[in-house]
Structures are given as C-alpha cells and as structure tokens.
Amino acid sequence: MDYKATLNLPSTAFPMRADLARREPEQLARWEQARLYEKIRASSQGRRRFILHDGPPYANGHIHIGTALNKILKDIIVRSRQMAGYDAVYVPGWDCHGLPIEHNVDKELGDRKRALSLAQVRQRCRQYAERFIAIQREEFKRLGVMGDWERPYLTMDPRYEAIIARECLHFGLSGDLVRSRKPIHWCFTCRTALAEAEIEYEEESSPSIYVKFPLEGPPEGMSPELAGRRLVAVIWTTTPWTIPANLAVALHPDYAYVAVEGDPGEAWLIARDRLAPCLQAFGRSGARVLGAIDPRRLEGLRCRHPLSGGDSLVVLASHVTLDAGTGCVHTAPGHGREDYDVGRRYGLEAYSPVDDDGRFLPEVPEFGGLAVFEANPRILQALRARGSLIHAETYTHSYPHCWRCKRPVIFRATPQWFIAMDKNGLRRRALEAIDRVRWIPAWGRERIYGMIQNRPDWCVSRQRAWGVPIPVFTCEGCGALVLNEAIADHVFRLFCAHGADVWFEREAGELVPAGTRCPACGEERLRKESDILDVWFDSGVSHAAVLEEREDLGWPADLYLEGSDQHRGWFHSSLLTAVGTRGRAPYEAVLTHGFVVDAEGRKMSKSLGNVIAPKEVIDRFGAEILRLWVAASDYRDDIRISETILSQLSDAYRRIRNTCRFLLGNLYDFEPARHAVDPPAMREIDRLFLHRWQRLVEKARRAYGEYEFHSIFHGLHNFCANDLSALYLDILKDRLYASAAGSPLRRSAQTALYLLLEGLTRLVAPILPFTAEEIWRHLPSRPGREESVHLASLPEPDPLWTDPELAARWEPVFRVRTEVTRALEQARAEKRIGQSLEAQIVLEAADELYVQLRPFAAELPAVFIVSAVDLRRGEPPGAVPGEEGAAAPVSVRVEPAPGRKCARCWVFDPEVGTFPDHPDICPRCRRALEESA
RNA sequence: GGGCCUGUAGCUCAGUCCGGUUAGAGCGCACGCCUGAUAAGCGUGAGGUCGAUGGUUCAAUUCCAUCCAGGCCCA
C-alpha cells in the first residue's frame with residue numbers, strides 16, 4: 001500500500017522562488033488598480049495623525065542609492081505607523097528651482113539662450129524639472145514607497161511659490177531681511193555672478209608681491225631690540241589689484257611671530273615659521289632677528305596703507321596659514337570670503353571699489369577706470385615708487401575661471417539680501433527651539449546647535465533666473481525699501497494666481513497696489529528686486545507651504561527624516577524660517593541616517609568606480625532585497641553596500657520566505673473559523689511557541705516605535721531560523737503529516753501555525769510589503785479579514801499567549817535537546833545511525849532535572865525527533881559525550897531504536913508488524929487511518 | 001585645519017552608558033545527515049590580540065588620552 005498518499009504533506013501554490021524583479025511590478029499594478037492607497041486613507045479617517053514630512057529631493061537626475069535608502073526608511077516608518085493605528089499620510093515633494101537645473105538648461109540651450117526672454121528660460125527650467133519629477137516618481141514607486149504620488153508638492157507650484165514670497169516678506173516686515181554687501185565670484189566678461197558650481201579651477205600665473213604695512217605708533221612693551229625701529233607688517237598677495245581695497249592685516253592668534261631687521265629703521269613682522277623662506281626670497285637670508293612678537297598684543301593697532309595712507313587694522317584670524325606668505329595676511333573684506341568674515345567680526349565694511357566690468361571706480365586715486373588685471377603692474381609700480389614693495393615674483397597657482405567664457409573671475413562685493421541672525425534674536429530663539437526637539441541620534445542636537453551658534457547671517461539672494469524672486473521694491477528716488485502689509489498681501493495674491501512668473505512679466509508698478517508711494521520721499525516710481533531667493537529658503541518653508549496648507553496634514557510635523565548632511569541643509573533652513581515666523585521648530589523630532597558607502601567604508605564616487613545604482617539592485621535582486629538591506633542596517637551610522645552584503649540578504653530573504661511557505665503548505669486544509677482549536681485545548685508545545693512569538697511581537701513593536709528596524713530584522717530572522725525552522729517546525733512535521741487530517745492534534749498545530757503566519761505577515765509588511773501581500777493572498781482567510789495586509793494592523797502582544805510559567809517548565813527540555821542532538825551527531829559520525837528516527841535515547845538525569853523532565857516523558861521522542869526515549873533517574877557518570885569535565889546533570893546514550901520502521905511515519909515501533917490488516921505500520925498510524933476513513 | 005560621528009568574527013548586528021565568569025546571535029564557510037519544506041530542510045564544527053598605542057585600575061572591548069582608518073558638515 002502507498003502510505004505516502006495517506007499523509008498530510010505540505011501543499012501550496014506560493015512559489016518557492018520569489019522572482020521579485022518580475023512579480024513586484026505586477027503587485028504594484030494590482031495595488032494601483034485596487035486604489036489601495038485611497039482605501040488606506042479612507043480606513044484611517046479620524047485616527048490620530050502621524051506626519052512624516054518629506055524633505056524634497058532635487059528634481060534633477062535619476063535617484064541614487066542614498067535617495068533610495070532615504071525613501072525606503074521613510075516608507076518603513078510611514079507603513080509601520082499606519083499599521084500601528086495612526087493615520088500616516090505621506091506627501092512626497094520635489095525641490096524644483098535652483099542653479100543645477102538652470103545650469104543644465106543653459107547647457108542644452110547653448111547660444112540659443114540669448115534669443116530667449118527670462119520668462120522663456122524659466123519655462124524651459126520648469127519643463128526640465130517636470131521631466132525628472134516624472135522619472136523619479138516612477139523610481140520611487142518601484143521601490144514600493146507608498147504615498148500620495150498623484151498629489152505631491154512641488155516648490156514650483158504657483159501656490160507654493162506664493163508662500164515662499166509671503167514667508168520671505170514676513171522677514172521683510174519684521175525687519176530681519178536686510179541688505180548688505182558681500183563678496184561673490186563675479187565674471188566681468190559675462191557680467192554675472194557665479195556660484196561655486198559654475199567655477200572651474202585652472203592653473204594661472206599671477207604676480208606674487210610682498211608689501212610693507214608699517215604699524216602706527218610705537219609697539220609698547222616690545223623687545224628693547226626694537227627701540228628706535230618702526231614695526232612693519234609684511235604682507236603677501238597674488239592679487240595686487242585688491243591692495244586699494246585693503247582694510248586690515250590678519251595675524252594668527254596662536255602662531256609665533258618675530259621682528260626681523262629690515263630696511264634701515266624698520267623691523268619686519270613675519271611668522272617665525274615663514275621667516276626662512278621669506279628672507280631667502282628677499283635675498284636677505286642673514287637678516288638679524290630682533291625679537292619675538294605676541295600677535296595678540298597687536299590686535300586693534302593700525303597700519304598705514306601703503307597707497308592711500310589710510311588705516312589698515314591689525315586683526316586676528318584663524319584662517320591664516322603657514323603654507324605660503326608671511327603669516328601676515330592682506331585682508332580686503334570686499335574681495336575675499338575669509339576676508340569678509342574677518343571683516344565682519346571687526347566691523348569693517350565690504351569695500352570693493354570695482355564695477356560690473358571689473359574696472360576700478362573713479363573714486364580710486366591713480367587707478368580709477370582701469371581694469372583690475374591691467375592695474376596689477378601699475379600698482380606694483382606705485383608700491384615700488386613709495387618704497388613699500390619688498391619683493392615681487394611670478395607665482396603659479398590654481399585660480400577660479402568662468403565655466404562659460406573660461407576667463408579668470410574675481411571676488412567682488414555686491415549688494416545682497418540677508419536674514420539677520422541677531423538683529424531680532426533669531427539665533428537665540430533658534431537655539432532655544434533646538435532644545436525642544438527630539439534629535440535621533442542624540443548627537444544631532446550638538447551638531448545643529450554648533451552650526452546655528454556659529455553661522456553668519458543667512459545670505460538669501462542669488463543673481464539667477466530660475467527661482468522665486470525676493471519680492472521687494474525699492475524707491476527709485478531715495479533707494480528706501482518700500483514694504484508694508486498691503487504690498488505683501490498684494491504680491492502674495494498675484495503669485496497665487498500667476499506663480500512667480502508674474503514678477504518677471506510685469507513692471508514694478510503693476511505689482512503693487514494702485515497708488516503705492518515711497519513712504520520716505522513720496523516717489524511713485526519703484527524698482528522691483530531682480531535677485532531670486534536661495535533655494536534653501538524654498539524648501540525651508542515647506543512646513544508653511546505644505547504642512548499648513550494641506551487639509552490632510554498639520555503643523556508641526558511629527559518627524560523630519562534625512563541624511564545627516566541636512567543638519568546644515570533642510571533641518572537648518574526649516575528651523576530658521578519656522579522660528580523666525582512662528583516661534584518654534586516645524587518638527588517634533590528629527591531623525592538622521594548616514595551615508596551609503598562601499599564594502600570598505602569608502603564613499604561612493606564615479607572616480608573610485610564603486611557606485612551601486614538602485615536600478616541594478618532592483619533588476620538583479622528585487623526592491624524587497626534593497627528594502628531588507630535598509631531594514632537590516634543600523635542606518636544611524638554610515639551603511640555599507642556590496643555584492644556580498646546583497647547576496648547575504650538574499651539568503652536571509654529566502655529563509656524568511658521559505659519559512660512562510662512551509663507554514664502556508666501546512667495550512668492548505670485549514671479554515672480558521674471552522675478548525676481553530678481553543679487555546680486551552682491546544683498542545684502545550686503549540687502554546688509555547690506562540691508564547692515565544694509574543695516576545696518577538698513585543699520587541700518588534702517597540703523597535704518600530706523607536707525606528708530601530710535592524711533589531712526587527714535580526715529578531716525576525718532568528719525567530720524564523722531558530723525557533724521555527726530548526727526547532728518547532730522540525731518537531732511538528734511528524735504530527736502534521738502523520739496525524740489524521742482533522743484530528744485535534746493536527747488542528748492544534750495548524751492553529752498555532754496560522755496565528756504565527758498571520759502575525760508574521762503583518763509584522764513584516766512595513767519592511768517587505770510585496771512579499772507580505774503575496775503571503776496574505778495565499779493565507780487561509782477568515783470572515784471580515786482586510787483585503788490587503790496593508791489595511792491590517794501590526795500584531796499586538798496578546799496576554800492570552802503570554803505564559804512565562806509554561807516557558808520556564810519547557811526550558812530544561814530544550815536544554816537537554818541540545819545535548820541529544822550533539823550525541824546523535826556523534827552516533828552519525830560513527831555510522832551508527834543515519835536519520836535520527838533510527839535512534840532511541842537513554843537519558844540519565846540527576847534528581848532535579850529528572851523531576852523537571854518527567855512530565856514530558858511522552859513528548860520527548862517527538863521533541864528530539866527520535867523513535868523512543870528512555871528517561872531514567874540516576875547520577876550521570878560525570879562526563880557527557882561531547883562535553884569536557886563539567887558535570888552536566890544528564891548523560892545521553894544513543895541506541896538503535898527498538899522495533900521496526902513504520903512504513904507510513906518512519907518512526908520505529910515494536911508493534912510494527914502486529915497488525916494483520918496493516919503489517920508495515922505502527923499503532924498510531926493505524927488509528928490515524930481509521931480516523932480518516 | 002575645525003565641529004560632529006563611526007571602527008566587536010568573512011558579512012549584518014548584540015554586548016560597552018553603570019569596568020569583573022571561557023565576548024554572543026544569525027548568515028556565510030567546513031564536514032556530515034536527510035530526500036515527505038527539495039534550486040529546500042536538519043545537525044556538528046572551525047572563525048574574534050573587541051582599529052592601534054599609551055594611561056587610570058587589583059581588573060579595560062567597556063573609562064581617559066593620543067594616533068590610524070573612514071564618513072558628514074565647514075574651512
């Protein structure tokens with residue numbers, strides 16, 4: 001007789017091979033067709049909201065692995081909060097304005113750009129952004145990221161642009177928006193400001209000159225050697241044309257300086273570590289050192305400017321280096337970034353007497369009207385004529401050039417708009433707001449606090465086309481800022497109706513309420529500002545443009561989540577705009593993740609050739625594997641990705657999948673509503689593993705709440721591999737297969753399997769949404785069940801199954817099982833047995849253990865997966881096979897199982913052969929056959 | 001150069017805050033079993049000078065300092 005056909009072997013249509021790359025898109029299509037997202041929203045009406053506010057990626061290029069990490073993390077959080085009982089709305093967004101897009105459009109247009117109006121260029125930029133939004137949206141969806149993809153937010157939407165303008169004018173009305181001068185890169189050939197990204201560095205030779213800046217007044221209390229000599233700061237520069245704009249000489253507060261014998265009556269001030277190379281350059285190697293000078297004692301003294309005869313302040317600055325020069329740094333706050341920063345600290349103006357064409361203003365004596373580079377030799381001459389030039393040579397270095405015309409650019413102060421950090425206490429209030437936010441990890445607080453504490457005023461103006469204008473007017477007559485509530489409101493309405501384009505399409509007079517005049521001088525003619533806003537301001541007001549605006553969202557957000565670079569970026573700009581206008585941070589908590597690095601921990605770069613694109617991973621492994629990678633990694637630090645890591649995750653995925661598949665296979669004839677066994681009637685071991693499952697549920701729910709997904713992954717994987725696969729399921733096979741299909745024994749096991757699998761599916765749904773849904777579809781249903789696992793909730797710990805006492809009683813059984821498997825392995829190695837059912841185990845347990853095991857005597861063969869267990873009370877003879885020395889309280893002996901092998905269940909039994917009707921099977925199987933019949 | 005952060009088995013992670021038995025898990029690997037989860041399943045085993053060096057201590061993976069390697073943000 002073919003007894004195999006009488007067994008209840010697993011059977012399921014759930015495929016072993018996931019074939020993710022093919023099936024995931026199919027699943028996405030099914031969800032879309034079923035309008036799953038809308039159903040989730042509808043089912044969450046009235047629940048407490050959880051708002052993760054999306055930081056907008058830039059609408060340029062394809063997504064990279066870091067973007068994928070970010071969006072997947074957000075998705076896991078949104079899904080887990082949703083399933084934890086919240087209404088977790090996710091509105092994705094895009095950052096649309098800004099230089100990179102304008103730059104790319106410029107490149108596409110080439111010379112044709114000249115023929116286009118500003119409005120037409122802006123239109124091209126808009127189309128460019130739209131193109132990449134469409135691309136990225138599909139890429140994000142492919143990752144399984146769920147959200148309101150049909151109604152995302154775009155910083156170039158008219159309403160959004162209007163709110164950018166409105167928020168900017170908030171700062172204008174409060175007086176925080178101020179005009180001031182600041183040096184920027186300027187190409188005088190193209191007559192345009194350039195951003196860092198538009199600069200190309202090339203080798204260039206420049207004059208290199210050493211110039212005397214004599215200190216005014218006697219340096220008191222200095223070395224007596226200096227008596228009778230004038231102390232002269234020796235500066236070095238490669239841009240002689242900036243000398244007319246010199247306002248200061250910077251020294252490093254911590255370096256050692258010396259005074260060295262110079263021209264008659266002079267003592268030259270040079271950093272000690274620069275002395276030798278300088279003197280050599282000057283041809284004065286033998287010059288006598290007159291004494292040491294403490295730079296801190298010179299702070300605030302004045303030097304005489306070698307050309308103008310005016311003052312040049314001695315200042316202290318840490319950017320002074322000893323790589324080149326003299327350690328005394330020529331400082332022109334209108335012509336250098338660091339010079340500007342130092343100048344600001346000392347209250348010096350950003351003096352820059354150079355016009356748009358790179359020519360000195362007429363006010364500059366001797367050089368007025370000269371182009372700056374042409375002025376270089378003339379300045380040298382003038383310095384030499386005055387005896388101020390110590391030495392001149394030619395110097396080759398890397399110098400910034402314009403990306404478009406390839407000509408050298410200059411640093412030049414131009415009028416810019418700033419949001420003042422200290423005028424109305426913005427900095428102080430922002431620092432206070434930081435401490436009312438939860439930073440995850442906690443060090444995020446230190447990071448952003450330090451940045452806010454030290455940052456200069458926020459320069460929000462850019463001289464570009466693709467952005468939202470700084471919507472302010474100045475009086476053509478007196479130059480005053482013309483702004484009031486009515487004007488602000490008027491601009492806001494216009495932008496709402498027409499977008500920011502209206503600013504570029506209409507004259508100033510058409511953009512203000514009729515009859516607007518300058519309050520200072522009564523002038524009617526106004527000038528509209530031509531600068532646009534920094535794009536960080538655009539995204540920085542998303543809390544106002546998105547959280548406040550949308551009826552399905554709210555202000556503030558529960559969570560912002562981005563890479564740790566955003567402490568300087570979006571978290572920062574959002575904090576300042578929110579504190580400045582609403583008095584608090586726009587987020588309750590901020591979570592940061594690290595960067596994706598390669599197997600060696602190095603950053604990904606094209607030049608290193610270690611870039612891994614999300615598309616590659618998806619096509620080869622599937623989005624689920626990428627998601628599993630996100631879940632398995634501790635993202636608070638940098639996270640590594642590599643071939644090894646991905647294939648390891650594939651293995652882990654297969655283990656989880658196969659475990660679920662086995663569970664499904666044993667539930668093919670199980671209808672929960674009809675067959676579920678009441679908990680008290682279930683087998684103890686079934687309840688035991690439901691108890692263990694509870695512990696995972698508790699742990700995982702806590703971890704979801706704390707955003708610690710990697711502990712969920714490890715907990716889940718261990719549970720599948722250890723608790724289920726290696727232990728429970730292995731033990732259960734005999735009962736599932738050999739018992740009568742409808743017997744309480746089998747139904748008890750199936751009840752446990754069903755509860756486990758149903759819970760497991762819900763538990764992994766936020767991490768593996770595709771696989772969870774696939775399982776859900778194959779899972780036996782019950783009345784009232786959600787149509788999608790994503791409409792269901794996370795499993796909750798159920799006190800019904802929590803039974804520590806039960807777990808404690810079983811603990812010795814599994815401890816001994818470890819000894820038994822070890823002994824079986826040894827018997828196997830000695831070729832005494834093959835499969836474990838060929839064995840009988842003789843256990844000799846010491847008193848206490850014996851008492852603990854005794855109640856389980858009947859269960860032990862099943863638990864050990866052997867044919868018989870002979871449990872005896874006695875002192876074990878010290879050593880246990882495989883154990884050294886230690887007195888284990890049990891000895892394990894492996895013997896051949898008595899009786900013959902049952903042809904049906906393969907268990908050895910002395911009674912096999914005693915039934916004339918079924919001569920090859922055991923009494924248990926005979927009963928099972930009778931029951932089934 | 002400065003600020004913040006990281007470094008535990010081949011891989012992903014526990015443990016380190018509040019120093020103290022042979023530093024754990026899973027995967028991978030090796031060897032074996034099974035062929036009724038089968039492009040599966042089970043078992044056993046081998047892997048770590050806890051980045052390096054100094055210091056504090058009776059005792060340091062754990063505390064301190066320096067260095068090395070790497071990351072983000074500034075310069």
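Labels below follow one simple rule: chain letters A, B, ... track the order of the sequence lines, proteins then strands, and each chain is numbered from 1.
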What interatomic distance, in whole Å, is found between [atom1] of [M] and the corresponding atom of [N]?
N     : M     : atom1 : result
B:A75 : B:G28 : P     : 48 Å
B:G48 : B:U12 : C1'   : 16 Å
B:G36 : B:A30 : C1'   : 28 Å
B:A46 : B:A40 : P     : 27 Å
B:G15 : B:U62 : C1'   : 9 Å
B:A14 : B:U57 : P     : 33 Å
B:G43 : B:A65 : C1'   : 49 Å
B:A23 : B:A69 : P     : 30 Å

Give a yes/no answer on whether the side chain of [X] brings an N or O atom under 4.0 Å of OP1 or OP2 in [N].
X      : N     : value
A:H567 : B:C5  : no
A:K603 : B:G71 : no
A:Q835 : B:U35 : yes
A:S725 : B:C42 : yes
A:R655 : B:C42 : yes
A:Y737 : B:A37 : yes
A:K733 : B:A37 : yes
A:T821 : B:U44 : yes
A:R602 : B:G70 : yes
A:R337 : B:A75 : yes

Between the side chains of [X] and [Y], is a donor N or O closer than 3.5 angstrom to an acceptor N or O?
X      : Y      : value
A:N666 : A:Q750 : no
A:S725 : A:R655 : yes
A:E600 : A:N610 : no

To the closest 0.5 Å, what do you measure between CG (A:L626) and CD1 (A:I65)? 5.0 Å
Please write out each protein N/O paired with an N/O of nucleotides 6-10 of chain B under 3.5 Å, distance rounded to 0.1 Å.
unit_1 : atom_1 : unit_2 : atom_2 : d
B:U6   : O2'    : A:D637 : OD2    : 2.7

Using Watson-Crick or G-U wobble geometry with both distances below 3.5 Å, tell me the partner of [N], or none.
N     : value
B:U22 : none
B:A37 : none
B:U57 : none
B:C72 : B:G3
B:G45 : B:C29
B:U66 : B:A52

Which is true for [X] with a 4.0 Å heavy-atom rule: it touches a base, it touches only sugar-phosphate, or it touches nothing?
X      : value
A:E600 : nothing
A:A703 : nothing
A:I645 : sugar-phosphate
A:A829 : nothing
A:D634 : sugar-phosphate
A:A652 : nothing
A:G601 : sugar-phosphate

Measure the distance between the ring centre of A:W906 and the centre of the six-membered base ring of B:G36, then answer whether it is under 5.5 Å with planes under 30°. yes
Take the protein atom [atom1] of [X] and the nucleotide atom [atom2] of [N], then report the distance between them rounded to whole Å.
X      : N     : atom1 : atom2 : answer
A:H714 : B:U12 : NE2   : C1'   : 5 Å
A:E338 : B:G1  : CD    : P     : 15 Å
A:N658 : B:A39 : CG    : P     : 10 Å
A:F709 : B:U12 : CZ    : P     : 20 Å
A:W439 : B:C72 : CH2   : P     : 20 Å
A:I639 : B:C13 : CD1   : C1'   : 13 Å
A:H572 : B:G3  : NE2   : P     : 19 Å
A:I656 : B:U12 : CD1   : C1'   : 13 Å

In terms of ring plane angle, is the pair [X] and [Y] parallel, tilted or perpendicular, where the classes change at 30° and 60°?
X      : Y      : answer
A:H710 : A:H714 : perpendicular
A:F670 : A:Y754 : tilted
A:H567 : A:W439 : tilted

Which of B:G26, B:C13, B:G71 is nearest the side chain of A:N718? It is B:G26
If you only use heavy atoms from C-beta on, which nucleotide in B:G32, B:G36, B:G26 is closest to the side chain of A:R828? B:G32
Looking at the angle O4'-C1'-N9-C4 for a purine or O4'-C1'-N1-C2 for a pyrimidine, is B:G54 syn or anti, with syn meaning within 90° of 0? anti
Would you please indicate if the ring centroids of A:H593 and A:Y635 are separated by under 6.0 Å? no
Measuring centre to centre across the rings, with the benzene-like ring taken for any Trp, is A:H918 within less than 6.0 Å of A:Y3? yes
Tell me, which of residues 445-460 of chain A have any heavy atom that sits under 4.0 Å from an atom in RNA chain B? A:R447, A:M451
Does A:A599 or A:K831 map to a spot on RNA chain B nearer the 5' end, using the closest nucleotide for each? A:A599
Walking RNA chain B from its 5' end, the first of A:L727 and A:R661 to be reached, judged by nearest nucleotide, is A:R661
Indicate, yes or no, whether a donor-acceptor pair under 3.5 Å links the base of B:A37 to the side chain of A:T12. no
Do A:D435 and A:Y449 pass the side chain to side chain donor-acceptor pair (under 3.5 Å) test, and can you show the C-alpha distance, the side-chain angles, and the key distance before you say yes or no? CA-CA 9 Å; A:D435 281 329; A:Y449 198 92; 5.0 Å; no
Only residue of A:F418, A:F537, A:W536 satisfying ring pair (Phe, Tyr, Trp, His ring centres under 6.0 Å) with A:W458 is A:F537
Do NZ/NE/NH1/NH2 and the carboxylate oxygens of A:R636 and A:D634 come within less than 4.0 Å? yes
Contacts of type side-chain contact (heavy atoms from CB on, under 4.5 Å), residue A:R272, not counting sequence neighbours: A:A256, A:V258
